[in-house]
Each structure stands twice: as structure tokens, then as C-alpha cells.
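One structure below.
Just so you know, these numbers use all the heavy atoms, side chains as well, and skip hydrogens, waters and symmetry mates.
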Amino acid sequence: MQTHTIHPAASSDGHRHYHGKGIVHSIESCGTVDGPGLRFVLFMQGCLMRCLYCHNRDTWDMRTDKAQELSVDEVMKQVISYRHYLRATGGGVTATGGEPLLQYEFIRDWFTACKANDIHTCLDTNGYALHYDHILDDLLDHTDLVMLDLKQVDPEIHKALVGIPNTKTLKFARYLAERNQAARVRYVIVPGYTDDDRSAHLLGEFIGDMENIDTVELLPYHELGAHKWELCGDAYKLTGVRPPPKETVLHIKEILEGYGKNIIY
């Protein structure tokens with residue numbers, strides 16, 4: 001395994017002071033839904049969005065009693081032990097969360113180490129980039145695939161669903177297109193928020209000309225993370241909302257295919 005040198009970010013430019021370690025919520029050694037093949041998945045702590053359907057509610061706060069601080073070398077020791085399984089399935093590593101871009105210095109360093117060891121890298125993000133600088137570019141230069149959550153293109157519906165505007169996400173999507181960065185869009189079908197024709201057409205119109213995006217992954221809403229809200233002392237506001245019927249998923253698939261995108265679900 002090649003070793004990796006940490007590049008701390010300067011604290012004078014408004015960045016969170018970076019000590020060469022990432023704040024990690026949890027690790028999944030053989031994930032199957034976070035990118036192609038088997039994935040070593042690092043769930044990062046911290047997220048500024050407040051999605052009503054969030055199934056990782058316990059990742060919102062940057063620091064909790066259960067979070068652990070890990071160095072790149074500590075993570076890479078685990079990654080290397082699974083390397084042959086990952087490669088055999090066309091897999092690799094995925095940074096998710098939470099929102100990994102909130103700790104983009106660490107993800108940059110980790111992905112750099114992965115690429116030095118010929119390991120496929122995937123960034124699963126909601127696009128909440130706080131800084132557009134050489135660190136972000138270096139991170140993306142070492143990213144093989146970006147899976148971008150485009151929750152809703154309509155700004156008002158997005159705010160009702162997520163709690164904040166979608167300005168940063170749409171800006172990041174455009175930036176990926178400018179870079180011609182290989183990306184896949186993930187779209188969660190939430191009844192009452194994103195399951196209508198207009199929302200699907202808005203998404204198709206937004207990404208239709210983005211040649212870097214060839215695939216849209218449709219993810220039907222589910223309640224599997226609802227119990228975490230109660231554990232965190234919060235009320236789950238979508239109680240009683242049922243997953244969308246298959247007919248709805250297939251209808252949205254047909255709409256988005258009309259914009260020239262490959263659809264998986």
C-alpha cells in the first residue's frame with residue numbers, strides 16, 4: 001500500500017481547521033447500493049440539509065459521542081484488506097454521509113490515496129459545496145464517479161422538502177457539467193413532493209443538455225430510517241406516507257427517458 005501525505009488546509013481563508021483526520025459516522029465494508037460493484041462505504045458526519053425523509057438523521061451533527069476521528073492511513077488499512085473483493089466486482093470506495101463535501105479536505109486526501117492504489121472512487125453528495133477552490137478541484141480530479149442527489153429542481157418545493165434552497169446543489173451540478181465530470185443523478189420519488197409530472201420534467205430539462213450525466217437512478221421513498229428520528233428526539237414528519245406505486249416510478253422513468261438519459265431503479 002502506498003502511503004499518503006496529508007495536506008492541511010489553511011485556517012485563514014475561512015475553512016474549518018483541518019487536522020488530517022475525518023469525522024466518521026460509520027463504515028460499511030461491502031456496500032451494494034452506493035455505486036457500481038461492491039463498495040467500501042465511508043459515512044461522514046455532518047449535513048446542513050434537513051430532508052424530511054432522511055434515513056441517516058444521526059449524521060446531521062458534525063460531532064456526536066458515537067463519531068470517530070480517523071486518518072487516511074487508518075481508513076486505507078481497512079480498504080486494502082478488501083481491495084481484491086472490490087476490484088473483482090468492478091467496485092471501489094464511496095464517500096457518503098451526511099454530506100462528505102463538508103469535510104472535503106479529508107475526502108480529497110482519501111481519494112488521492114485510493115487512486116494511488118488503483119481503487120475506483122465515488123462521491124455520493126447533495127452538492128453542498130462551501131468552497132470552489134483548488135481543494136475541490138483536486139478532490140474531483142481524483143473522483144471517478146459523482147452520484148449527485150438532485151432532490152427537487154423547483155426551489156419552493158425543495159425548500160419545503162429539504163429546509164433550504166437548492167441554489168448550491170444546482171450550482172454544483174452546473175460545475176460538474178463544465179468540468180465534464182462523470183456523474184449520475186439520484187432522484188428520490190417522495191409522494192406529494194417529487195412524484196408529479198412537472199417535477200420530473202423540470203429535472204429532465206435541467207440535466208438534458210449535461211453530457212456528463214448519462215444515468216438517472218430513481219429511488220422510491222421509504223420509511224426505513226424513521227426510527228432514527230425518534231432516537232434523536234425529533235418527530236418524523238412523513239409518518240403515514242407510503243412508498244410510491246411501481247406505476248409512478250415507471251411513469252417518471254418514461255418522462256426522463258424522453259430527455260435522453262438512461263434510467264435505473
Side-chain angles (χ1 to χ4, degrees), residues 7 9 33-37 39-42 44 49 86-87 89-97 99-155 158 165-188 199-219 252-253 255-265:
H7 303 282
V33 296
D34 298 285
R39 315 293 301 181
F40 180 95
V41 186
L42 207 61
M44 305 303 295
M49 291 190 177
L86 303 179
R87 286 179 176 169
T89 64
V93 304
T94 297
T96 184
E99 175 44 55
L101 285 181
L102 296 183
Q103 300 190 61
Y104 76 147
E105 306 102 323
F106 176 79
I107 303 302
R108 183 273 308 267
D109 290 345
W110 180 38
F111 277 12
T112 300
C114 288
K115 295 311 298 177
N117 286 276
D118 193 29
I119 296 172
H120 184 277
T121 56
C122 177
L123 177 68
D124 181 13
T125 176
N126 60 36
Y128 205 94
L130 295 175
H131 305 281
Y132 285 79
D133 55 15
H134 70 283
I135 299 174
L136 179 63
D137 284 335
D138 201 12
L139 163 58
L140 293 175
D141 286 343
H142 290 88
T143 301
D144 292 305
L145 175 66
V146 176
M147 294 196 303
L148 178 63
D149 291 327
L150 274 175
K151 303 171 190 299
Q152 172 60 261
V153 177
D154 181 283
H158 185 279
N166 57 10
T167 309
K168 289 186 180 298
T169 300
L170 300 186
K171 177 181 178 181
F172 188 72
R174 295 186 184 101
Y175 190 67
L176 294 178
E178 291 172 5
R179 289 176 50 92
N180 197 29
Q181 183 94 31
R184 173 192 298 179
V185 165
R186 300 182 113 185
Y187 184 69
V188 182
S199 294
H201 280 292
L202 285 175
L203 175 61
E205 291 166 2
F206 180 72
I207 65 174
D209 293 334
M210 295 181 175
E211 296 182 357
N212 63 310
I213 298 172
D214 63 0
T215 300
V216 177
E217 183 176 3
L218 301 180
L219 302 169
I252 292 177
K253 172 180 180 289
I255 290 175
L256 293 174
E257 284 176 336
Y259 291 90
K261 302 302 179 183
N262 176 48
I263 310 300
I264 60 177
Y265 60 96

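Side-chain contact between Pro100 and Leu123 is present, with heavy atoms from C-beta onward closer than 4.5 Å. Counting heavy atoms from C-beta on, the side chains of Val216 and Leu150 never come closer than 4.5 Å.
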Stepwise side chain to side chain contact (heavy atoms under 4.5 Å, CB included) check, Val41 with Thr96: CA-CA 7 Å; Val41 186; Thr96 184; 3.4 Å; yes
For a side chain to side chain contact (heavy atoms under 4.5 Å, CB included) check, start with the C-alpha distance between Lys151 and Asn126, then their side-chain angles and the critical distance, and finish with the verdict. CA-CA 8 Å; Lys151 303 171 190 299; Asn126 60 36; 4.0 Å; yes
I'd like to know whether Asp144 forms a side chain to side chain contact (heavy atoms under 4.5 Å, CB included) with Lys115, so could you lay out the CA-CA distance, the side-chain angles of the two residues, the decisive distance to 0.1 Å, and finally the verdict. CA-CA 9 Å; Asp144 292 305; Lys115 295 311 298 177; 2.8 Å; yes
Under the side chain to side chain contact (heavy atoms under 4.5 Å, CB included) criterion, do Leu102 and Met44 qualify, and how do the steps go? CA-CA 9 Å; Leu102 296 183; Met44 305 303 295; over 6 Å; no
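Contact record, Val153 with Leu170: O-CD1, 4.4 Å, taken as the closest heavy-atom pair. Between Leu136 and His131, the closest heavy-atom pair is CD2-O, 3.5 Å. Shortest non-hydrogen contact noted between Leu148 and Thr169 is CD1-CG2, 4.4 Å. For Trp110 against Ala95, the heavy-atom pair with the smallest separation is CZ3-CB, 3.9 Å. Between Ala129 and Phe172 the shortest heavy-atom distance is CB-CD1, 4.0 Å. Across every non-hydrogen atom of Tyr128 and Leu101, the tightest pair is O-CB, 3.8 Å.
A donor-acceptor pair under 3.5 Å is absent between the side-chain atoms of Thr121 and the main chain of Phe111, judged by distance alone. With hydrogens and angles ignored, the 3.5 Å screen pairs a side-chain donor or acceptor of Asn212 with a backbone N or O of Gln181. Using a distance-only test at 3.5 Å, with no hydrogens or angles considered, no donor-acceptor pair links the side chain of Thr112 to the main chain of His142.
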Only distances under 3.5 Å count here; give the side-chain donor-acceptor pairs of residues 200-210 to other protein atoms, sequence neighbours excluded, each with its distance to 0.1 Å.
from   : atom 1 : to     : atom 2 : distance (Å)
His201 : ND1    : Tyr259 : OH     : 2.8

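Rounding to the nearest 0.5 Å gives a distance of 9.5 Å between CD1 of Ile107 and CD of Glu99. The distance from atom CD of Glu105 to atom CG of Leu139, rounded to the nearest 0.5 Å, is 10.0 Å. Atoms OG1 and CD1, on Thr215 and Ile263 in that order, are 8.0 Å from each other to the nearest 0.5 Å. Annotation: the span from Leu256 atom CG to Asn262 atom CG amounts to 11.0 Å, rounded to 0.5 Å. The OG1 atom of Thr94 lies 10.0 Å from the CG atom of Leu42; values are rounded to the nearest 0.5 Å. Note that CD1 of Ile119 is 9.5 Å distant from CZ of Phe40, once rounded to the nearest 0.5 Å.
With no hydrogens or angles considered, no side-chain donor-acceptor pair links His158 and Asp154 at under 3.5 Å.
For residues 175-188, the pairs satisfying salt bridge (charged side-chain N to carboxylate O under 4.0 Å, His left out) are Asp124-Arg186, Asp137-Arg179, Asp141-Arg179, Arg184-Glu217, Arg186-Glu217, with sequence neighbours left out.
Checked against ring-ring contact (aromatic ring centres under 6.0 Å, His included), Tyr175 has the following partners two or more places apart in sequence or in another chain: Tyr132.
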